[in-house]
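One structure below.
Residue numbering restarts at 1 for every chain, and letters A, B, ... go by the order of the sequence lines. Owing to the predicted nature of the structure, the values given are computational and were not obtained by experimental measurement.
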Amino acid sequence: MADKSKTDPARMEKIVSLCKRRGFIYQSGELYGGLNGCWDYGPLGVELKRNLKEYWWRRNVQERDDIVGLDGAILTMPQVLVASGHVGGFADPMVDCKTCKGRFKADALGTFQCKEKPSVCPGQSEKCQLTEPRQFNLMFETKVGASADEDDAGATAYLRPETAQSIFVQFRNVVDSSRVKLPFGIAQVGKSFRNEINPRNFTFRSREFEQMEIEYFCRPEDGLRLTDEWLEARLRFYEEVGIPRARLHVLDVPDGERAFYSKKTYDIEYEFPFGLQELEGVAYRTDYDLGVHQQHAGKPLEYFDEETKEKLLPHVVEPSAGCDRTVLAMICEAYDEEEVPDAKGQMETRVVLRFAPRMAPVKAGIFPLVRKSAGQVEMCREIQRVLQPWMTVFYDEGGAVGRRYRRQDEIGTPFCITADFDSIGENGPELKGTVTVRHRDSMEQDRLPVAELLPWLLERIR
RNA sequence: GCGGGUGUAGCUCAGUGGUAGAGCGCCACCUUGCCAAGGUGGAUGUCGUGAGUUCGAAUCUCAUCACCCGCUCCA
């Protein structure tokens with residue numbers, strides 16, 4: 001498929017439709033009309049997302065000895081988010097002008113010159129139709145503690161707007177309990193919540209979303225170098241989950257556009273059908289976070305370096321990936337339509353999700369060539385029994401085998417195993433005990449002894 | 001949040017005031033000896049939701065919810 005079609009907006013509609021039809025992603029609360037900005041993962045979607053999260057965890061935590069994990073609470077004390085700057089700092093009251101369609105800070109009315117219609121600029125014309133000032137704090141707030149008394153509303157808590165803060169707040173405990181030494185990282189995968197003004201683009205901007213973050217602590221002099229190293233590591237990761245480097249763009253966020261605490265930020269962007277959008281930010285956050293928590297909590301968060309006998313506040317590099325966004329990118333990247341000849345030689349469209357095998361929700365379809373063959377069915381059931389502890393497989397005997405192949409193509413199953421008459425020795429002893437393995441992308445087949453199936457597959461899905 | 005568009009079967013859609021439809025898909029059986037073959041039968045809808053107008057509303061009006069596009073926003 002030509003690259004250009006991957007940014008075709010009509011492509012997105014087909015992908016959304018496929019996601020619902022095959023059980024990847026549904027609108028949340030659809031039965032009751034739907035909840036804006038929220039999505040549910042169906043049977044195949046949850047497998048895909050788990051594959052991504054588990055691979056990320058394996059690569060970044062389990063296969064490294066310098067990164068440990070954390071799973072922080074979602075409910076967060078106000079003090080934490082006051083210190084981080086999330087409470088209060090980003091909540092300027094804003095007004096909209098219905099005449100010129102502009103949005104302005106409420107305390108700056110009369111100081112703007114409207115770009116569209118200077119003569120009817122807010123605060124400068126009787127024609128201005130201004131909305132009431134509104135707060136734009138994007139955090140969800142709730143109350144902790146059960147109470148039927150409305151006057152006693154309990155203590156305020158926030159749903160965390162990012163996973164990062166629980167890592168900084170638990171920094172001391174992790175250092176004290178896990179024998180980590182600089183440089184080291186703390187990794188977390190989990191839900192975060194932002195009350196976005198305008199959720200858009202399917203799951204891309206949701207109000208409830210999952211992040212995969214590492215806070216990598218280091219000596220101050222190593223921060224910039226490690227930021228570059230993490231950028232490369234993260235680009236390799238995307239390649240490993242099926243998003244080629246050529247489809248990713250790296251934005252070196254210029255001065256003035258970075259968050260105020262960041263000395264260096266790279267955005268990793270993917271060419272979605274709806275445009276170039278961020279998948280991950282790799283940000284050098286200096287010692288800002290540990291600094292503010294040390295100050296607000298009034299407790300030292302310094303690290304004692306045994307080698308240099310020096311006490312220091314570590315700097316941090318943060319590769320922060322959007323999990324749902326990456327899942328969406330994997331689906332967009334995998335989606336393909338191909339013209340292939342059918343049994344009668346007529347050209348028809350084959351829809352195929354070309355997932356990296358390690359990400360595919362189902363690893364192998366298992367089919368008897370003919371359902372009526374008891375020997376083939378029995379052989380397939382045995383193969384299913386052997387493979388199932390190791391991977392997701394799907395047994396299917398409905399309809400013709402060609403249809404079953406196409407069904408698996410559409411959900412991205414990389415391999416289909418078929419037991420035929422040769423497999424059960426009906427055409428002679430040579431091929432008895434072998435099956436065909438059909439490849440999703442090429443539609444070509446290999447023939448393998450049943451005993452070799454498990455290692456053959458494991459090698460290709462790891 | 002502003003402006004525009006769209007909501008009818010799982011999906012794609014037809015249906016402009018008078019009994020709720022098609023294609024594909026799905027399920028069962030038959031057929032099927034490797035790429036969405038064919039046959040027979042079957043299930044599925046408070047027409048997004050709620051009000052209003054009307055003898056009668058999928059259809060007209062209003063409100064509301066959701067999705068899409070363009071702005072806006074994105075610590």
Open item on the list: Can you measure A:Glu278 atom CD to B:rC73 atom P for me and round it to whole angstrom units?
Closed with: 17 Å

Open item on the list: Distance check, P atoms only: B:rC60 and B:rU8, in whole angstrom units.
Closed with: 15 Å

TODO: Rounded to the nearest angstrom, tell me the gap between atom CD in A:Glu196 and atom C1' in B:rG1.
DONE: 13 Å

Task: Gap in Å between the two C1' atoms, one belonging to B:rA58 and one to B:rG45, rounded - done: 11 Å

- [ ] Assign A:Phe202 to base, sugar-phosphate, or nothing according to its heavy-atom contacts below 4.0 angstrom with the strands shown.
- [x] sugar-phosphate

Open item on the list: Measure NE2/A:His439 against P/B:rC34 and give the value in whole Å, please.
Closed with: 19 Å

Open item on the list: Looking at A:Glu378, I'd like to know if its CD atom is crowded, meaning that more than 12 non-hydrogen atoms belonging to other residues, nucleotides or ligands lie closer than 6.0 Å.
Closed with: no

Open item on the list: Rounding to an integer number of Å, can you tell me how far A:Leu138 CG sits from B:rU72 C1'?
Closed with: 13 Å

Open item on the list: Base of B:rC35, side chain of A:Arg350 - is there a donor-acceptor contact under 3.5 Å?
Closed with: no

Task: Short side-chain N/O contact from A:Lys372 to OP1 or OP2 of B:rU31, under 4.0 Å - done: yes

TODO: Using the P atom as the reference point in each nucleotide, state the distance between B:rG56 and B:rA14 in Å, no decimals.
DONE: 29 Å

Open item on the list: Counting only heavy atoms and a strict 4.0 angstrom limit, can you tell me which residues of residues 396-408 of chain A come near RNA chain B?
Closed with: A:Ala400, A:Val401, A:Gly402, A:Arg403, A:Tyr405, A:Arg406, A:Arg407

TODO: Would you confirm whether the ring centroid of A:Tyr266 sits within less than 6.0 angstrom of the ring centroid of A:Trp230?
DONE: no

TODO: Round to the nearest Å and state the distance from A:Arg447 atom CZ to B:rC34 atom C1'.
DONE: 10 Å

Open item on the list: Of the options B:rC35, B:rC2, B:rC67, whose atoms approach the side-chain atoms of A:Met443 most closely?
Closed with: B:rC35

Task: Identity of whatever pairs with B:rU32 - Watson-Crick or G-U, under 3.5 angstrom - done: none

- [ ] Decide yes or no, distance alone: a donor-acceptor N/O pair under 3.5 angstrom between the base of B:rC34 and the side-chain of A:Asp420.
- [x] yes

Open item on the list: From the set B:rA75, B:rG33, B:rG1, return the single nucleotide nearest to any side-chain atom of A:Arg194.
Closed with: B:rA75

Task: Ring centroids of A:Phe260 and B:rA75 base under 5.5 Å with planes under 30° - done: no

Open item on the list: Can you confirm whether or not the ring centre of A:Phe24 sits under 6.0 Å from the ring centre of A:Tyr41?
Closed with: no

TODO: Pick the C1' atom in B:rC26 and in B:rA43, then give their distance to the nearest Å.
DONE: 9 Å

Open item on the list: I'd like to check the ring pair (Phe, Tyr, Trp, His ring centres under 6.0 Å) partners of A:Tyr405; sequence neighbours left out, ordered by chain and number.
Closed with: A:Phe367

Task: A:Arg234 NZ/CZ over A:Tyr238 ring centroid, <6.0 Å and within 45° of normal - done: yes

Task: Counterpart base for B:rC71, defined by Watson-Crick or G-U wobble contacts under 3.5 Å - done: B:rG1

Task: Nearest-Å distance once atom P is located in both B:rG7 and B:rU49 - done: 14 Å

Open item on the list: Determine whether the aromatic ring centres of residues A:Phe217 and A:His315 are separated by less than 6.0 angstrom.
Closed with: no

Open item on the list: Could you tell me how far B:rC24 sits from B:rA9 if I compare only their C1' atoms? Round to whole Å.
Closed with: 12 Å

Open item on the list: Under the criterion salt bridge (Lys or Arg N to Asp or Glu O under 4.0 Å), I'd like the reasoning laid out for A:Lys264 against A:Asp252: C-alpha separation, chi angles, the key distance, then a yes or no.
Closed with: CA-CA 8 Å; A:Lys264 184 85 178 174; A:Asp252 187 347; 3.1 Å; yes

Task: OP1 or OP2 of B:rC2 under 4.0 Å from side-chain N/O of A:Asn198 - done: no

Open item on the list: Between B:rC2 and B:rG10, how far apart are the two C1' atoms, rounded to whole Å?
Closed with: 35 Å

Open item on the list: Considering every strand and a 4.0 Å limit on heavy-atom distances, what is the contact class for A:Glu426: base, sugar-phosphate, or nothing?
Closed with: base

- [ ] Please list, chain by chain and in numerical order, all residues satisfying salt bridge (charged side-chain N to carboxylate O under 4.0 Å, His left out) with A:Glu141, sequence neighbours excluded.
- [x] none

Open item on the list: Categorize A:Gly23 for me: base, sugar-phosphate, or nothing, with a 4.0 angstrom heavy-atom threshold over every strand shown.
Closed with: nothing

TODO: Round to the nearest Å and state the distance from A:Glu410 atom CD to B:rU12 atom C1'.
DONE: 13 Å

Task: G-U wobble or Watson-Crick pairing nucleotide for B:rA22 (cut-off 3.5 Å, both distances) - done: B:rU12

Task: Centroid-centroid distance, A:Phe274 to A:Phe202, less than 6.0 Å - done: no

Task: Heavy atoms of other groups near A:Arg50 CZ, more than 12 under 6.0 Å - done: no

- [ ] Check every strand shown and say whether A:Thr418 touches a base, only sugar-phosphate, or nothing at a heavy-atom separation below 4.0 Å.
- [x] base

TODO: Assess whether one donor atom and one acceptor atom, taken from the side chain of A:Gln445 and the base of B:rC34, lie less than 3.5 Å apart.
DONE: yes

Task: Residue A:Lys20, side-chain heavy atoms: nucleotide from B:rC71, B:rG10, B:rG33 that is nearest - done: B:rG10

TODO: Output yes when a side-chain donor or acceptor of A:Arg438 lies under 3.5 Å from a complementary backbone atom of A:Phe415, and no otherwise.
DONE: no

- [ ] Could you measure between the two P atoms, the one in B:rG25 and the one in B:rG15, and give it in whole Å?
- [x] 24 Å

TODO: Ignoring backbone atoms, test whether A:Arg371 places a side-chain nitrogen or oxygen under 4.0 Å from the OP1 or OP2 oxygen of B:rC29.
DONE: yes

Task: Pairing partner (Watson-Crick or G-U wobble, both distances under 3.5 angstrom) of B:rG41 - done: B:rC27

Task: Partner set under ring pair (Phe, Tyr, Trp, His ring centres under 6.0 Å) for A:His249, not counting sequence neighbours - done: none

Open item on the list: Checking base pairs now: Watson-Crick or wobble, both atom distances under 3.5 Å. What partners B:rC60?
Closed with: B:rG52

TODO: In whole angstrom, give the distance that lies between atom CD of A:Glu13 and atom C1' of B:rG7.
DONE: 13 Å

Task: A:Gln27 CD - B:rC11 C1' separation (whole Å) - done: 17 Å

Open item on the list: Let's test this: given Watson-Crick or G-U wobble pairing with both distances under 3.5 Å, identify the partner of B:rA66.
Closed with: B:rU6

Open item on the list: Let's see if you can work this out: which of B:rU32, B:rC67, B:rA75 has an atom nearest to the side-chain heavy atoms of A:Met139?
Closed with: B:rA75

Task: For A:Lys363, all residues meeting salt bridge (charged side-chain N to carboxylate O under 4.0 Å, His left out), sequence neighbours excluded - done: none

Open item on the list: Regarding A:Glu410 and A:Arg407, does a basic nitrogen lie under 4.0 Å from an acidic carboxylate oxygen?
Closed with: no

Task: Residue mapping more 5' on RNA chain B - nearest nucleotide basis, A:Asp409 or A:Arg205 - done: A:Asp409

TODO: Find which nucleotide of RNA chain B each of A:Ala259 and A:Ser17 is nearest to by heavy atoms, and output the residue with the more 5' nucleotide.
DONE: A:Ser17

- [ ] For RNA chain B, determine which residues of residues 40-48 of chain A have any heavy atom closer than 4.0 angstrom to one of its atoms, and list them numerically.
- [x] none

TODO: Select base, sugar-phosphate, or nothing to describe what A:Asp422 touches, counting heavy atoms under 4.0 Å on all strands.
DONE: nothing

Task: Minimum-distance nucleotide to A:Pro161 side chain [options: B:rG10, B:rA75, B:rG33] - done: B:rA75

Open item on the list: Heavy atoms from C-beta onward define the side chain here; which of B:rC34, B:rA66, B:rC74 lies closest to that of A:Thr436?
Closed with: B:rC34

